[in-house]
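Data first, discussion second: the structure below is written as structure tokens.
Both counts, for ligands and for their atoms, begin at 1 and track the order of listing. The structure displayed is predicted, hence computed values, not measured ones.
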Amino acid sequence: MTSYSNYLHEAVTAARIAGSYQKYRFTSFLEIEMKGDKDLVTEVDKESERLIVEHLLSRFPGHNIVAEEGVYPQGGSICRWIIDPVDGTTNYAHGYPWFCSSIALEQDGELVAGVIYNPVYDELFTATKGGGAYLNGSRLSVSTRSPLKNTLLGTGFPYDCATDPANNFASFITFQMSARGIRRAGAAALDLACVAAGRLDGFWELKLKAWDVAAGVLMVREAGGVVTTFDGSPYDIFNNRIVASNGLIHDEMVAMLTSTASGVAE
Ligand code: IPD
Ligand code: CA
Ligand code: CA
């Protein structure tokens, strides 16, 4: 047991509450609003966030909350929960069964606990700082595959990829030609969990938000992986370019991203 176990326990409870609700509503009629041309939000995103925030604040009333769908008062606490109530909303809205809730806790600006829960597969990914990463209680470690040509990678594309040249297309083509394969599964938090679990050997994406990555970054690190920005420099969850890997292929990924994504405005 780590000193973060109580936080982790309550985050798991919140993720399971939201996950049950998501499963119950999955493929039912949903009210959907558009946040942008391609960016959806459903009533399930909003209700999941309400359920998660309600649970966490009932246990930790003074803590700060940053979550995708709402704005919450920021008090003087050193603890901040970073929440994506439904990561993979497009999948969810289309009945494609690959989505999750992602909940992370920062203490004094440092990631200390993370939970990613996929209710369809009943897969619960957890991590605490210094305590390792787990899938349904079994310890995770990143893959040992290398070099890049032997690997399976994950990525995604920003919602504004039709209008902004920082669209990931050049990098996608280069990696598709160099690696064994690429998956675009539609939920960045689960992509990172898959790197931690050794299912993917690497992942990169741009323009992700803190709630997409916070829990997954801790999970990859605790599973022995490496997370940086595209140029290999230290990553924090407010950077908008992330590359995560098993470590063995990191330099190769950074070299490719440096050549394909350089010169493209942020
Ligand atoms: C999205 C997913 C997707 C990624 C997008 C994210 P959402 O989050 O993580 O995989 O490519 O950039 O915004 O909107 O489903 O929470
Ligand atoms: Ca997301
Ligand atoms: Ca979301």
Side-chain angles (χ1 to χ4, degrees), residues 14-15 18-19 21-22 25-26 30-53 65-72 81-104 114-120 125 153-164 166-169 171-172 175 182-196 199-200 202-220 227 230 237-244 257 261 266:
Y21 174 70
Q22 289 159 13
R25 293 296 312 274
F26 190 48
L30 295 177
E31 278 175 29
I32 296 178
E33 289 165 39
M34 303 303 296
K35 294 199 226 175
D37 266 2
K38 293 174 190 265
D39 195 359
L40 313 175
V41 59
T42 76
E43 56 184 304
V44 173
D45 295 69
K46 293 178 184 172
E47 179 62 7
S48 297
E49 182 165 309
R50 195 192 66 73
L51 291 167
I52 293 168
V53 170
I65 303 279
V66 172
E68 181 170 13
E69 311 304 343
V71 178
Y72 303 88
W81 294 94
I82 302 174
I83 302 161
D84 193 339
V86 178
D87 187 47
T89 294
T90 307
N91 289 347
Y92 192 88
H94 286 253
Y96 187 91
W98 188 250
F99 55 87
C100 64
S101 295
S102 174
I103 303 175
V115 173
I116 294 172
Y117 182 52
N118 173 345
V120 174
F125 298 87
L153 307 177
T155 193
F157 300 93
Y159 287 119
D160 63 358
C161 63
T163 51
D164 188 330
N167 53 28
N168 199 23
F169 296 163
S171 305
F172 178 81
F175 278 118
I182 302 188
R183 299 292 175 263
R184 194 293 190 241
L190 286 174
D191 289 330
L192 287 162
C194 284
V195 173
R199 296 169 177 174
L200 293 174
F203 166 77
W204 84 98
E205 194 163 340
L206 60 163
K207 298 190 190 168
L208 291 175
K209 298 288 200 289
W211 46 74
D212 298 312
V213 296
V217 164
L218 182 65
M219 231 152 266
V220 170
V227 185
F230 281 8
I237 56 173
F238 295 97
N239 284 126
N240 76 0
R241 293 171 179 218
I242 182 170
V243 50
L257 288 166
E266 296 272 316

Full working for salt bridge (charged side-chain N to carboxylate O under 4.0 Å, His left out) between Asp164 and Lys207:
CA-CA 11 Å; Asp164 188 330; Lys207 298 190 190 168; 3.0 Å; yes

Relative to the heavy atoms of [X], which atoms of ligand 1 are at a distance of less than 4.0 Å?
X: Phe157; answer: 11 (O)
X: Glu68; answer: 16 (O)
X: Ala187; answer: 9 (O), 10 (O)
X: Gly186; answer: 2 (C), 3 (C), 10 (O)
X: Arg184; answer: 3 (C), 10 (O), 11 (O)
X: Ala188; answer: 2 (C), 9 (O), 10 (O)
X: Thr89; answer: 15 (O)
X: Asp84; answer: 16 (O)

Can you tell me which portion of [X] lies within the under-4.0 Å heavy-atom range of ligand 1? Options are side chain, backbone, both, or neither.
X: Asp212; answer: side chain
X: Lys207; answer: neither
X: Asp191; answer: neither

Inspect the contact between Glu33 and Lys46 and indicate whether a charged nitrogen and a carboxylate oxygen are less than 4.0 angstrom apart.
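Result for this pair is yes, salt bridge flagged.
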
Is the shortest distance from a Lys or Arg side-chain nitrogen in Arg50 or Glu43 to a carboxylate oxygen in the other one below 4.0 Å?
no

Quick check: does Asp84 put an N/O/S atom under 3.0 Å from the Ca ion (ligand 2)?
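True for Asp84.
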
Restricting to N, O or S, what is the name of the atom of Glu68 that lies nearest the Ca ion (ligand 3)?
OE1

With Phe230, which of Asn240, Leu206, Asn239 fulfils side chain to side chain contact (heavy atoms under 4.5 Å, CB included)?
Leu206

For the side chain to side chain contact (heavy atoms under 4.5 Å, CB included) test, which of Ile237, Leu218, Val217 pairs with Val227?
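By the side chain to side chain contact (heavy atoms under 4.5 Å, CB included) criterion, Val227 pairs with just one of Ile237, Leu218, Val217: Val217.
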
If you look at every heavy atom in Val120 and Pro97, which pair is closest and at what distance?
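Nearest pair, atom of Val120 first, then Pro97: CG1-CB, 3.9 Å.
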
What does the angle at the Ca ion (ligand 2) come to, between atom OD1 of Asp87 and atom OD1 of Asp212, rounded to 10°?
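OD1 of Asp87 and OD1 of Asp212 make an angle of 110° at the Ca ion (ligand 2), to the nearest 10°.
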
When you measure from the Ca ion (ligand 3) to the N, O or S atoms of Asp45, does any of those distances fall below 3.0 Å?
no

Could you tell me whether the Ca ion (ligand 3) has an N, O or S atom of Val86 under 3.0 Å away?
yes

Would you indicate whether Lys38, at its atom NZ, is surrounded by more than 12 heavy atoms from other residues, nucleotides or ligands within a distance under 6.0 Å?
no

Does atom OH of Tyr96 have more than 12 heavy-atom neighbours from other groups under 6.0 Å away?
no

Among side-chain atoms of [X] and [Y], is any donor-acceptor pair under 3.5 angstrom?
X: Asp45; Y: Thr42; value: yes
X: Ser48; Y: Gln22; value: yes
X: Asp87; Y: Ser102; value: no

Please determine if Gly88 has a nitrogen or oxygen closer than 3.5 Å to a nitrogen or oxygen of ligand 1.
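In this structure, Gly88 places an N or O atom under 3.5 Å from an N or O of ligand 1.
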
Tell me: protein heavy atom nearest atom 2 (C) of ligand 1, and distance?
Asp87 OD1, 3.4 Å

Top protein contact for atom 12 (O) of ligand 1, by heavy-atom distance:
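Here the closest protein heavy atom is Glu205 OE2, 3.2 Å.
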
Kindly identify the option in Tyr92, Phe99, Tyr159 whose heavy atom sits closest to atom 7 (P) of ligand 1.
Tyr159

With ring centroids as reference points, do Tyr92 and Phe26 lie under 6.0 angstrom apart?
yes

Under the salt bridge (charged side-chain N to carboxylate O under 4.0 Å, His left out) rule, what do Glu205 and Arg184 come out as? Steps first, then yes or no, please.
CA-CA 10 Å; Glu205 194 163 340; Arg184 194 293 190 241; 5.1 Å; no

Leu40 near ligand 1 by a heavy-atom separation under 4.0 Å:
no

